[in-house]
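Reviewing the structure listed below.
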Amino acid sequence: EITDVEGVPGGFWSITESGTIAFHNPDNPTAGSPVWTSTTPMTIVWAEPSEGAFALTSVTVPGQVEGPIYCPGAPPSIISVGIRARVTTSDDNPLPLRLRQTPGGEFIVSIDEGTEFSVIGGPQCAEQYTWWNIRLADGTTGWSAEGDANNYFMEPVP
């Protein structure tokens, strides 16, 4: 049922006719980990290449994304476009949230714990994070990672 395959560092991506994108580890290539499943047929229209043959740093799916997002190395997403969210920290991760120009790109500003913001775009998977385009109260916009394998860096405002 796999209709296309693209190589990436540490494995490869596949997409099926039903619209499931999966990441495959070369140690067990037949057991792909679903990253995203479409509720309707879809086509990936943009993939951002990195340096080197078959390197892929992010995948962007057009239109409104429905359902949970799973980026390899990141926790299941609890954020979505159109909501208000806030910065959260933990004992394991006491650092402020970093706002960047692009997913994984140039640093803009640090955002302190408890700061609220609007989620205006995303998600994008890059560098083992789920990235969201956010707008701060002063109008500053940029991209921030939702969390890592152990912690969320942001959460929906109750």
Side-chain angles (χ1 to χ4, degrees), residues 6 8-15 19-25 31-40 42-51 55-158:
E6 296 295 330
V8 295
F12 64 92
W13 295 95
S14 68
I15 185 167
T20 297
I21 299 172
F23 177 76
H24 300 261
N25 182 318
S33 300
V35 176
W36 185 74
T37 300
S38 174
T39 56
T40 59
M42 60 122 201
T43 302
I44 296 176
V45 297
W46 177 258
E48 181 180 311
S50 181
E51 293 181 19
L56 184 68
T57 59
S58 66
V59 175
T60 303
V61 180
Q64 182 68 28
V65 175
E66 302 290 336
I69 300 300
Y70 300 102
C71 294
S77 187
I78 58 173
I79 300 297
S80 60
V81 173
I83 69 164
R84 298 261 322 141
R86 66 181 174 201
V87 178
T88 183
T89 61
S90 66
D91 290 340
D92 292 341
N93 182 45
L95 302 173
L97 186 66
R98 294 172 197 94
L99 189 66
R100 298 179 181 276
Q101 288 184 357
T102 59
E106 187 175 327
F107 172 81
I108 298 173
V109 67
S110 292
I111 311 167
D112 293 328
E113 180 178 20
T115 301
E116 294 186 13
F117 52 86
S118 298
V119 181
I120 60 171
Q124 287 195 21
C125 295
E127 300 180 354
Q128 297 187 333
Y129 294 104
T130 303
W131 294 86
W132 295 95
N133 189 216
I134 67 173
R135 180 184 304 119
L136 303 177
D138 68 1
T140 302
T141 62
W143 291 83
S144 290
E146 182 174 355
D148 61 20
N150 301 310
N151 300 288
Y152 286 97
F153 308 151
M154 60 178 73
E155 64 186 5
V157 173

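FYI, side chains are in, hydrogens and waters are out, and symmetry mates aren't considered; it's all heavy atoms of this structure.
- Heavy-atom minimum distance, I78 versus E155: CD1-CA, 4.2 Å.
- G142 approaches N133 most closely through the heavy-atom pair O-ND2, 2.9 Å.
- Taken from OG in S77 to OH in Y152, the straight-line distance is 7.5 Å, to the nearest 0.5 Å.
- We find the CH2-CG distance between W143 and L99 to be 11.0 Å, quoted to the nearest 0.5 Å.
- Residues passing the side-chain contact (heavy atoms from CB on, under 4.5 Å) test with Q128, sequence neighbours excluded: none.
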Which atom pairs, donor and acceptor, lie under 3.5 Å between side-chain atoms of residues 102-115 and protein residues at least two apart or in another chain?
unit_1, atom_1, unit_2, atom_2, d
E113, OE1, T89, OG1, 3.0
E113, OE2, T89, OG1, 3.1
T115, OG1, D112, O, 2.8

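- Residue L136 holds its CG atom at 5.5 Å from CG of D138, rounded to the nearest 0.5 Å.
- Counting only distance, with no hydrogens or angles, the side chain of S144 and the backbone of R98 share a donor-acceptor pair below 3.5 Å.
- Contact check for F117 versus L97: side-chain heavy atoms found under the 4.5 Å cut-off.
- With hydrogens and angles disregarded, a donor-acceptor distance shorter than 3.5 Å links the side chain of W131 to the backbone of A126.
- Across every non-hydrogen atom of P156 and I83, the tightest pair is CB-CD1, 4.0 Å.
- The two atoms that bring T130 and C71 nearest to each other are OG1-SG, 3.2 Å, heavy atoms only.
- Residues I79 and A85 share a closest heavy-atom pair of CD1-CB, 4.0 Å.
- Nearest heavy-atom pair, D148 versus Y129, reported as atom, atom and distance to 0.1 Å: CB-CE2, 3.9 Å.
- In this structure, the salt bridge (Lys or Arg N to Asp or Glu O under 4.0 Å) partners of R84, at least two apart in sequence or on a different chain, are E116.
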